[in-house]
Amino acid sequence: MPKTQTYDIVLLPGDGVGPEVIAAAKDVLRVIADFYGHSFDFSEHLIGGAGIDATGDPLPPETTAACLAADGVLLGAVGGPKWDGGARRPEEGLLGIRKAMGLFANLRPLQVSPVLAHRSPLKKEIVEGVDLIVFRELTGGVYFGEKVRTDTMASDLCIYTVPEIERITRAAFKTALQRRGKVTSVDKANVMATSKLWREVVTRIHAEEFPQVQLEHALVDSMAMHLIRKPRDYDVILTENMFGDILSDEISVLGGSIGLLPSASLGESGPGLFEPIHGSAPDIAGQDLANPVGTILSAAMMLRHSLGLEDEASSIEAAVAAVLAAGATTADLGGALGTRAAGEAIIDAIRAIH
Ligand code: ATP
Ligand code: MG
C-alpha cells in the first residue's frame with residue numbers, strides 16, 4: 001500500500017471561464033491522487049468579481065487565510081466587463097493575494113510540440129521543440145520605485161536589492177539543474193545600474209553555488225530578437241520585473257494558443273499560486289468552449305513546485321502531450337472538443353499511461 005499523504009489544495013475559480021477550467025483541472029487532480037495514493041482536500045474560495053458579487057470584496061479575508069494555510073493554490077481567472085466602473089475592481093483580488101502570499105518569482109514555461117508548431121506565427125521549423133521557462137522577478141524594479149510627475153518632467157525609480165536578486169537567481173538555477181542545465185540571464189547592463197548589480201549577483205551565485213549550470217548573459221534588446229530567431233536555444237531565462245513582463249508576452253504568442261500556457265508564482269516558503277496565463281475570456285465564458293490545458297498544466301506545476309510531487313506532475317504533462325499529439329483539442333486549436341471533453345481526454349490519457 002502506498003503511503004497516503006493529505007494535501008490541502010485551495011481552488012479559486014474566479015470569473016468568466018475560470019470555474020470551467022478549474023473544474024476540469026480538479027477532475028484531473030482527483031485521478032492523479034487516486035493513482036498515487038494521495039488524498040487531496042479541495043476547498044473553493046471567492047476571488048475577483050465572484051467575491052465582489054457575494055461579499056462586496058474582491059479578496060474576502062477568509063480567502064486570504066485559506067490560501068496562506070494551503071499546500072497549493074490554483075486560480076482560474078479574474079475580471080470581466082460586468083465589473084467595469086464599479087467601486088471595487090476584480091483585479092484588486094489578484095494583486096492582493098499575490099502580495100499577501102509574498103510571491104516573488106513568476107514562472108512561465110513554454111513548450112511547442114511538433115504537432116502544434118504550425119499554429120505558431122513563426123515558421124514551424126523555428127518553433128518546433130521549443131522548451132523554455134521564464135523566471136520573472138515580481139517584487140522589485142520600476143513597478144515599485146518612487147514615481148514623480150511635474151508639468152515638465154517625470155521619473156520612475158528602479159530599485160533592486162542584493163537579496164531580491166539572490167533569491168530569484170537561486171530559484172532559476174535550481175530549476176535549471178532539473179532541466180537542461182542552462183540559464184540565460186537578461187538585463188540591460190550597458191545602461192542601467194540595477195542591471196549591472198543584477199549581472200554581478202547572478203555571476204557570483206553561479207560561481208559559488210551552481211558552477212555545474214551553464215550561464216550566459218544577454219541584453220534585453222538582443223534577447224527580444226533572439227527569441228524570435230532561435231527560441232530553441234533557451235532553457236531557463238532569468239530576468240527582472242519589467243523585462244520579464246515584456247518577454248513573457250512575447251514568448252506567449254510563439255506557441256499558437258493562449259489557452260495552453262500555465263504559470264506559477266512562488267514565494268520564499270509557503271504555497272505558490274498557479275494559474276493559466278489567459279484571462280477570464282468573457283467572450284466564450286459559460287459555453288464549454290475554453291481550453292482547460294493551461295489550467296491543467298498549472299495544476300501540474302503546483303504538484304511539482306508546491307507539493308514536491310514530481311512524478312505526478314510529469315504524468316499530467318505526458319498525458320497533455322499525448323492528447324495534443326492525437327489532435328484531441330478545443331476550438332482555439334482547431335479541434336471539436338468542449339472544455340469538459342478535453343479534460344476527460346486528458347484523464348483517459350493518464351489512465352492509459354498508468
Ligand atoms: P484579461 O483582461 O482578463 O486578461 P484579456 O482580454 O486580456 O482578459 P483573455 O481573457 O485571456 O484576455 O482573452 C483573450 C482572447 O483569448 C479571447 O478571445 C479569449 O476568448 C481567448 N481565450 C482566452 N483564454 C482561452 C482559453 N482558455 N481557451 C480558448 N480561448 C481563450
Ligand atoms: Mg490580459
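Index from 1, following the sequence. Whatever order the structure lists ligands and atoms in, that order sets their numbers, starting from 1.
Under a cutoff of 6.0 Å and an axis angle of 45°, K174 and F210 do not form a cation-pi pair.
In this pair, Y160 and W198 present their aromatic rings perpendicular. The plane angle is above 60°, beyond the 30 to 60° band. Ring-plane geometry between H354 and F35 is classed as parallel, the angle between the planes falling under 30 degrees on a 0 to 90 degree scale with a further cut at 60. The aromatic rings of Y7 and H38 sit perpendicular to each other, their planes meeting at more than 60°, with 30° as the lower class boundary.
Residue contacts with ligand 1 for N291 involve both N, CA, C or O and side-chain atoms from C-beta outward (heavy atoms, distance under 4.0 Å).
With ligand atoms numbered from 1 in the order given, ligand 1 contributes 26 (C), 27 (N) to contacts under 4.0 Å with heavy atoms of G259. Interface of I258 with ligand 1, defined as ligand atoms under 4.0 Å from a residue heavy atom, comprises 11 (O), 16 (O), 22 (N), 23 (C). Listed by number with element, the atoms of ligand 1 under 4.0 angstrom from any heavy atom of S280 are 3 (O), 10 (O).
Nearest residue to atom 20 (O) of ligand 1 from D283, V78, T295 is D283 (criterion: closest heavy atom). One option in A285, A281, P276 has a heavy atom closer to atom 13 (O) of ligand 1 than any other, and that option is A281.
With sequence neighbours left out, H118 forms a ring-ring contact (aromatic ring centres under 6.0 Å, His included) with no residue at all.
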